[in-house]
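Here the structure is a predicted model, which means the values were calculated and not measured. By convention here, the first residue in the shown sequence is residue 1. Heavy-atom basis, side chains included; hydrogens, waters and symmetry copies ignored.
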Amino acid sequence: VRVSAKAVFSKYSISPASLINFGAMMTGTRKTCTFTLENKGILDFKFFIYQADQDASVLPRKRPRSGILLAGDARGKAVRHQPLLGLFLQARFTLGMFTVYPGFGSIPPGGQQMITVDCYAEPVGTCKEHLSIDISDR
């Protein structure tokens, strides 16, 4: 009896790699940007997008995560954040001026998922958010 197996990790790419900058916007206007998550491996994988810890760079991690930085500028007051638990596993969620969707999904081998980020510049001021993308079996 011949038995064989091949152990692999999920392979993926994110483009653009780390920064989505909406630039200066007039208060009350809306802009949309996207980034693409691509499965470059031979197995399907699941992904979850959620708000990253702002001080995550100083904390040890069990496993690495991919990340995206969102930035927009409409000048003025502070931004309200939703609790992290409420963001996890939502198809569409809002972080400050940004709405991100889909927040989770599955991508087959060779497949791509376009992630949309809407920026609604309602509060005046600059808004920056950090997102983490958790990819299964990486």
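- For F104 and Y50, the ring centers are positioned 6.0 Å apart or more.
- Between H130 and S132, the closest side-chain pair of non-hydrogen atoms is not below 4.5 Å.
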Q.
Using the rule given for side-chain contact (heavy atoms from CB on, under 4.5 Å), can you reason through K40 versus Y12, listing the C-alpha separation, both sets of side-chain angles and the distance that settles it, and then say yes or no?
A. CA-CA 5 Å; K40 294 188 169 221; Y12 60 91; 6.0 Å; no
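- Of the listed residues (L37, D44, I135), just one forms a side chain to side chain contact (heavy atoms under 4.5 Å, CB included) with I107, and that residue is L37.
- Residue Y120 is not grouped with residue F93 when hydrophobic side chains (ILVMFWY) are merged at heavy-atom distances under 4.5 angstrom, including chains of intermediate members.
- Remark: S13 OG to F35 CZ distance equals 11.5 Å, nearest 0.5 Å.
- Of all heavy-atom pairs between P102 and Q113, the closest is CG-NE2, 3.7 Å.
- Linking Ile, Leu, Val, Met, Phe, Trp and Tyr residues whenever their side-chain heavy atoms come within less than 4.5 Å places I14 and I20 in a single cluster.
- Interatomic distance, CG of L43 versus CZ of F9, reported as 11.5 Å (0.5 Å rounding).
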- [ ] Using the side-chain contact (heavy atoms from CB on, under 4.5 Å) rule, take C119 and M25 through it: C-alpha gap first, then chi angles, then the decisive distance, then the call.
- [x] CA-CA 9 Å; C119 179; M25 296 173 59; 3.6 Å; yes
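- For T27 (side chain) and E122 (main-chain N/O), no donor-acceptor pair under 3.5 Å exists by modelled atom type.
- Contact between F47 and S106 at its shortest, heavy atoms only, is CE2-N, 4.1 Å.
- The side-chain hydrogen bond (donor to acceptor under 3.5 Å, both in side chains) search around T99 returns T94, not counting sequence neighbours.
- The shortest non-hydrogen separation linking G96 to C127 is CA-SG, 4.2 Å.
- A donor-acceptor contact shorter than 3.5 Å is absent between the side chain of T32 and the backbone of D118.
- Shortest non-hydrogen contact noted between G41 and P109 is O-CB, 3.5 Å.
- The nearest pair of heavy atoms linking K11 to N39 is O-OD1, 3.4 Å.
- Here I133 contributes atom CD1 and I115 contributes atom CD1; the two are 7.0 Å apart, rounded to the nearest 0.5 Å.
- V8 has its side chain within reach of I42: a pair of non-hydrogen atoms, C-beta onward, lies under 4.5 Å apart.
- Cluster annotation: L131 and Y101 are assigned to distinct hydrophobic clusters (Ile/Leu/Val/Met/Phe/Trp/Tyr, side-chain heavy-atom contacts under 4.5 Å, transitive).
- In this structure, K31 contributes its side chain and F22 its backbone to a donor-acceptor pair below 3.5 Å.
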